[in-house]
Amino acid sequence: MNVHITEAKRILVANDRGGYTVPTDRLYPFQWNWDSAFVAMGFALYDTNRAYRELERLIEGQWADGMIPHIIFHQPSDTYFPGPNVWRTRHTIPTSGITQPPVFAIALRKVFEAAGNGGQVRALPLYEAALKWHRWWYSARDPEGTGLVALLHPWESGSDNSPAWDIALARVPTTTDTPVIRKDTGHVNASMRPRDEDYSRFIHLVDTYAACGWDPAKQWEKAPFKVAEIQTTAILLKAGEDLEHLAREFGRSEDVEEIAAFNELSRKAILAQWRPGLSRFVSRDLVSGDDVEAATQAGFIPLLSLDLDKDIAGALVDEMRAWSKGLKVTFPTTKPGIASWEPKRYWRGPSWAIINWLLIDGLKRNGHPEAAEELRKSTVTAIEREGFAEYFDPLTGEGCGGLGFSWTAAAYMWLMRSSH
Ligand code: 2M8
C-alpha cells in the first residue's frame, strides 16, 4: 500500500477519541460537523462500521429543532476557545449554538453505498437526522423561502475568516460580554489565524445569540450578520440530491416530494446568483441587500450541484485557470494578488484539500475532467510533499496551520481511491 495512505489511516487512528475524530490534536479538540462528514467518507473506503459510527456520534449533538451544531463537546478540553461555557446552549450534551456546511447527507449516501444494502437499518436513523436538519435549514435559515440559506455567523460557512465576510463583519461591534481568551494562537503562528478584532466580533455574535436563548426566530430578527450564502446553499443542494436518492432507496415517497421541492427551489436561486461580469456566483448580504463580490472560492462551488450550461461552466473553468496561474498548489481560497489575499492566513488565500475535493467533483459533473485531474494532482502532490497539513500556501506549497489533520487525510484517501 502507498505509504501516504498508511500515514493517512494512522492520523485517523491518532485523532480518534472514541468513535469520533477530532480535526487535529489540541488546536481543535472536539468533534466538528463538516470535518466529521469528510472523515466518514474517508472511512467509507475501508471501514464502513467506523464510518457509520462517526456520523452517529455527530447526531448525538442534534438539537430538537433539527440543527446539527458545528461543535459537539463530547469531553472537556482546556486547549480551545470558545468552549461550552461561552456558548451557553441547552442540549443534553454540550454543543456550540451555530451550524456548519451540510456535507452530512453527501457522506451518508457514500457510506450507505459502500456498506451495501445490509446497512439500511443503520442508515435509516441517520437519514431521518439529515432530513430534519435540511428542514431546519429551509425554515430557520430561509424563512422567506428564497431558496438561498443564510448564515448568522462566519464560522457557519466553514470558511471562517474569508474576505467574503469583511464588509458584513465590519458592522458587528467589537464589544463582548464574554472575555476573549484565545487559545488558537498558542498552537499555531498568529499570522496564520484571524486577528483579535475579528475574534471580538465572532464572540459578540455568540453573546447576541446566547441572549436570544438560541431561538432561531429571535436570532433572525436580531442578527447583525446575515448572509445568504452560495457555498453553503450549493453544498445543501448536493446533499439534498443525495438525500432525495436515499429517500427513493428507502421507499419514502412523501419525503421524495418534499426534498425534491427544496432542491428545485435552491437550484433556481443559485442560478440567479450567476454574475457573468465576474465569471462567478455571488452570495447576498441580507443586511445591506448587496451582492458579496469578494473574489473567493465560494463562487465556484455551485459546480458541485448544478448541471450548468456549457458557457457558464466554461467561464468558471477559465476563471479558475486564471486564478491558478503560476501557483505551486491550487485552488486558492482568495484570488491571488488582490488586496485581501493572504496566502498563509487561513481562509484568506490558502488551498484546502476538502475545498478541492468539492471542486473536483463539480468539474467532473460539468464536463471538465481534465481540469478536475489537474486539481486532483496538485492536491495529492502537495500532501505527498508536505504531509497532512490543515491547508497549503499556494505560492510556496508549504503545509500550514494544524498538522496531522483528519480531513486532509480523508481527502487524500478519497482522491487516491482508484489506486488503493
Ligand atoms: C476552523 O474553524 C474553527 C471554528 O469552527 C476555528 O478556527 O476555531 C475552520 O477551518 C472550520 O471550517 C473547521 O471545521 C474547523 C475544524 O477543522 O476549523
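At a cut-off of 3.5 Å, with distance as the only test, a side-chain donor of T330 or S378 sits close to an acceptor on the other residue. Side chain to side chain, S157 and E229 fail the donor-acceptor criterion of an N or O pair below 3.5 Å. In the model, E54 has a side-chain atom that pairs as donor or acceptor with a side-chain atom of T21 under 3.5 Å. Side chain to side chain, Y346 and D184 fail the donor-acceptor criterion of an N or O pair below 3.5 Å. Side-chain contact check for Y28 and D35: no donor-acceptor pair (N or O, by modelled atom type) lies under 3.5 Å. Between the side chains of T178 and T176, no donor-acceptor pair of N or O atoms lies under 3.5 Å.
With a 4.5 Å cut-off on side-chain heavy atoms, T95 and I72 count as touching. Residues Y391 and M192 have side chains in contact (heavy-atom distance under 4.5 Å, counting atoms from C-beta outward). A 4.5 Å side-chain heavy-atom check between T24 and R26 finds every atom pair outside the cut-off. R193 places none of its side-chain heavy atoms less than 4.5 Å from the side chain of H187. Considering only heavy atoms from C-beta on, M416 stays 4.5 Å or farther from H4 through its side chain. Proximity of H245 to E113: side-chain heavy atoms (C-beta onward) are separated by under 4.5 Å at one or more points. Contact of the H204 side chain with the T174 side chain is not registered, since no non-hydrogen atoms from C-beta on lie closer than 4.5 Å. A heavy-atom distance below 4.5 Å is found between the side chains of W220 and K226.
Look at K238 and D361 and you find no salt bridge, because none of the NZ, NE, NH1 or NH2 atoms lies under 4.0 Å from a carboxylate O. K132 has no carboxylate O lying under 4.0 Å from a charged side-chain N of E128, or vice versa, which leaves the two without a salt bridge. A salt bridge links R135 with E258: the distance from a Lys NZ or Arg NE/NH1/NH2 to an Asp or Glu carboxylate oxygen falls below 4.0 Å. Salt-bridge check for K377 with E374: failed, with every basic side-chain N at 4.0 Å or more from each acidic carboxylate O. Ionic pairing of E241 and R365 is present here: one or more N-O contacts between side-chain nitrogen and carboxylate oxygen are shorter than 4.0 angstrom. Salt bridge R267/D307: absent, no basic N to carboxylate O contact under 4.0 Å.
Side chain of H70 to main chain of E156: no donor-acceptor pair is present (N/O by atom type, distance under 3.5 Å, no hydrogens or angles). A donor-acceptor contact shorter than 3.5 Å links the side chain of K183 to the backbone of D78. Not one N or O on the side chain of R201 forms a donor-acceptor pair closer than 3.5 Å with the backbone of D198. Judged purely by atom type and a 3.5 angstrom limit, N356 has no side-chain atom pairing as donor or acceptor with the backbone of T379. A donor-acceptor contact shorter than 3.5 Å is absent between the side chain of R280 and the backbone of W274. When atom types are taken as modelled, the side chain of N2 and the backbone of I5 share a donor-acceptor pair closer than 3.5 angstrom. Of the possible donor and acceptor atoms, none in the side chain of Q297 sits under 3.5 Å from a partner among the backbone N and O of S159. The closest donor-acceptor contact from the side chain of W414 to the backbone of L45 lies at 3.5 Å or more, if one exists at all. A donor-acceptor pair is defined here as one N or O able to donate and one able to accept, closer than 3.5 Å; such a pair exists between the side chain of N366 and the backbone of G362. Checking side-chain atoms of D291 against main-chain N and O of E293 turns up no donor-acceptor pair under 3.5 Å.
For the pair S77 and P29, the tightest heavy-atom approach, listed with the atom from each and the gap, is OG-CG, 3.3 Å. Here the shortest heavy-atom pairing between T296 and A164 reads CG2-N, 3.9 Å. Shown here for M413 and A8, the closest heavy-atom pair between the two residues is CG-CB, 3.9 Å. The two residues S324 and P332 have their closest heavy-atom pair at OG-CD, 4.4 Å. Taking each heavy atom of P101 and N33 in turn, the nearest pair found is O-OD1, 4.3 Å. Residues S266 and Y138 approach most closely at OG-OH, 2.7 Å, considering heavy atoms.
Checked against the 6.0 Å centroid threshold, W214 and H91 do not count as a close aromatic pair. For F112 and Y127, the ring centers are positioned 6.0 Å apart or more. Annotation: F262 is not in aromatic contact with H134 [ring centroid separation under 6.0 Å not met].
Taking OG from S340 and NZ from K335, the interatomic distance works out to 10.5 Å, rounded to the nearest 0.5 Å. Interatomic distance, L395 CG to L327 CG, rounded to the nearest 0.5 Å: 6.0 Å. Rounding to the nearest 0.5 angstrom, the gap separating the CG atom in L169 from the CD atom in E197 is 8.5 Å. Here I68 contributes atom CD1 and L55 contributes atom CG; the two are 9.0 Å apart, rounded to the nearest 0.5 Å. We find the CG-CD distance between D160 and Q100 to be 7.0 Å, quoted to the nearest 0.5 Å. Taken from CZ in F81 to OG1 in T185, the straight-line distance is 11.0 Å, to the nearest 0.5 Å.
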message = Would Y209 and K218 count as a side-chain contact (heavy atoms from CB on, under 4.5 Å) here? Give the steps.
response = CA-CA 8 Å; Y209 304 141; K218 281 195 197 131; over 6 Å; no
### Task
Show the numbers, then the answer: is there a side-chain contact (heavy atoms from CB on, under 4.5 Å) between T232 and W137?
CA-CA 10 Å; T232 309; W137 274 108; 3.7 Å; yes
- [ ] Take F405 and I11, measure what side-chain contact (heavy atoms from CB on, under 4.5 Å) needs, and give me the verdict at the end.
- [x] CA-CA 7 Å; F405 218 88; I11 286 169; over 6 Å; no
Derivation and outcome, salt bridge (Lys or Arg N to Asp or Glu O under 4.0 Å), residues D47 and R53: CA-CA 10 Å; D47 185 350; R53 196 74 200 114; over 6 Å; no
- Task: Before giving the answer on side-chain contact (heavy atoms from CB on, under 4.5 Å), spell out for I167 and V292 the whole-Å C-alpha distance, their side-chain angles and the decisive distance to 0.1 Å.
- Result: CA-CA 8 Å; I167 295 174; V292 176; over 6 Å; no
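For residues 394-410, the side-chain hydrogen bond (donor to acceptor under 3.5 Å, both in side chains) pairs, not counting sequence neighbours, are N15-S406, K344-E398, D393-T396.
Of the options W155, Y80, F38, a ring-ring contact (aromatic ring centres under 6.0 Å, His included) to W32 is made by Y80 and by none of the others.
The side-chain tip of R171 does not point at the ring of F225 from less than 6.0 angstrom away and within 45° of straight on.
Residue E257 places its CD atom among 12 or fewer non-hydrogen atoms of other residues, nucleotides or ligands, all under 6.0 Å distant. The environment of R284 atom CZ is sparse: at most 12 non-hydrogen atoms of other residues, nucleotides or ligands sit within 6.0 angstrom.
Every residue meeting the side-chain contact (heavy atoms from CB on, under 4.5 Å) condition with P216, not counting sequence neighbours, appears here in chain and number order: D65, W136, A140.
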